[in-house]
2 protein chains.
Amino acid sequence: MEVDSTKMLMQKRLKVTPQRSMVLNLVREGGHFTGEQIYRLMKKKMPGISLSTVYRTLETLEANELISSFEVSGMKWFESKMESHINVFCVNENKIIDIDLDTSWLLEELRKKGIKGNKVSIVVQSICDSKVK
Amino acid sequence: MEVDSTKMLMQKRLKVTPQRSMVLNLVREGGHFTGEQIYRLMKKKMPGISLSTVYRTLETLEANELISSFEVSGMKWFESKMESHINVFCVNENKIIDIDLDTSWLLEELRKKGIKGNKVSIVVQSICDSKVK
DNA sequence: TAGTAAATAGTAATAATTATTAAGTAGGAT
DNA sequence: ATCCTACTTAATAATTATTACTATTTACTA
């Protein structure tokens with residue numbers, strides 16, 4: 001995993017810093033994170049990390065299409081770049097779960113209507129069953 | 001329209017105030033608005049209106065399902081309650097356009113998977129042709 | 001390994017939204 | 001129709017997430 005992230009950064013001609021590698025690794029492990037959450041997780045292994053670095057790094061990684069983001073609950077959420085899925089924001093637990101569902105037809109329909117969307121987010125707000133991962 | 005909004009508020013057992021009526025009328029006329037935009041539009045006809053009132057009113061109207069909202073570009077956008085459509089955020093113009101597309105199947109699929117979503121938003125970020133309304 | 005452009009840590013600033021509170025008002029009871 | 005009271009408003013303060021700034025440090029290049 002460590003090697004992969006390094007390669008990914010190098011392929012994008014980005015400088016490989018420990019901060020960038022760690023942010024990318026964290027997000028690529030899976031799940032959904034806010035900037036603050038990433039920051040708290042990183043502090044455990046890299047106590048000197050700065051919150052502004054976390055945000056700037058997330059921005060850079062997204063601009064380089066290594067991760068993606070969407071907005072819900074007044075916050076930006078980051079996740080590993082992946083296709084066709086729906087993010088369900090559990091209002092009762094303040095977390096996101098992924099629902100596997102092919103949405104490529106949607107992009108196709110939009111394309112037919114002349115919308116070449118560069119970023120699509122489907123977010124459902126729902127009360128979730130806490131037994132579900 | 002004025003009468004309709006009044007009726008709508010009364011049916012929800014909400015006090016009918018000039019501020020509420022005007023916010024509801026504005027949103028129901030169509031389009032997409034941020035809190036700030038509603039505020040600026042309202043000031044023309046009701047100069048004493050307060051920004052906090054606008055936000056609180058929008059919150060109340062949404063809680064009573066008279067309007068709906070979604071998030072993109074670091075802001076909350078409000079629109080009239082309507083079914084099956086996709087909001088396209090034009091990054092080059094900082095505005096939203098509606099794309100008519102039936103998405104009821106999506107809700108059905110989610111229901112099958114046990115997600116009884118109470119709020120769905122499909123947002124596409126795209127560079128828009130300014131000739132399009 | 002030395003030089004330099006880019007990245008980081010720390011902190012200040014910003015922007016959107018929410019909370020607070022004293023004063024005003026809508027709508028039911030009298 | 002007027003009075004009462006709980007709800008609403010205006011004004012402003014506070015909050016929260018994120019971005020901007022700047023001096024220092026570091027990753028890569030030559």
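The chains referred to below are lettered A, B, ... by the order of the sequence lines, with proteins before strands, and numbering in each begins at 1.
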Closer than 4.0 Å, any side-chain N/O of [X] to the OP1 or OP2 of [N]?
X: B/Thr53; N: D/dA10; value: yes
X: A/Gln19; N: C/dA9; value: yes
X: A/Arg56; N: D/dT19; value: no

Only one of A/Asp4, A/Val16, A/Thr60 passes side chain to side chain contact (heavy atoms under 4.5 Å, CB included) with A/Leu9; say which it is.
->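 The side chain to side chain contact (heavy atoms under 4.5 Å, CB included) with A/Leu9 is passed solely by A/Val16 among A/Asp4, A/Val16, A/Thr60.
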
Check every atom of [options] against the side chain of [X] and return the nucleotide holding the closest atom.
X: B/Arg20; options: D/dA11, D/dT9, C/dG10; answer: D/dT9
X: A/Ser52; options: D/dT12, C/dG10, D/dC28; answer: C/dG10
X: A/Lys15; options: C/dA6, C/dG27, D/dA10; answer: C/dA6
X: A/Met75; options: D/dA11, D/dT9, D/dT18; answer: D/dT18
X: B/Tyr55; options: C/dA16, C/dA9, D/dT8; answer: C/dA16

Under 4.0 Å between a Lys/Arg side-chain N and an Asp/Glu carboxylate O for B/Lys119 and B/Glu62?
->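 A salt bridge is present here (some side-chain N lies under 4.0 Å from a carboxylate O).
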
Salt bridge present between B/Glu59 and B/Arg56 (N-O < 4.0 angstrom) |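 Looking at B/Glu59 and B/Arg56, the cut-off is not met.
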
Report yes or no: do B/His32 and B/Asp98 form a side-chain donor-acceptor pair below 3.5 Å?
->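 Yes.
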
What about B/Thr17: does its side chain form a donor-acceptor pair under 3.5 Å with the base of C/dA26?
->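 Counting by modelled atom types and ignoring angles, no donor-acceptor contact under 3.5 Å is found here.
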
Can you tell me the distance, in whole Å, between the CD atom of B/Glu71 and the P atom of C/dA16?
->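 From B/Glu71 CD to C/dA16 P: 14 Å.
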
Spacing between A/Phe33 atom CZ and D/dT18 atom C1', to the nearest angstrom |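 Rounding to the nearest Å, CZ of A/Phe33 and C1' of D/dT18 are 19 Å apart.
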
Sugar-phosphate, base or nothing in reach of B/Thr34, heavy atoms under 4.0 Å |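 B/Thr34: no heavy atom of the nucleic acid under 4.0 Å.
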
Assign A/Pro18 to base, sugar-phosphate, or nothing according to its heavy-atom contacts below 4.0 angstrom with the strands shown.
->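 Contact class for A/Pro18: sugar-phosphate only.
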
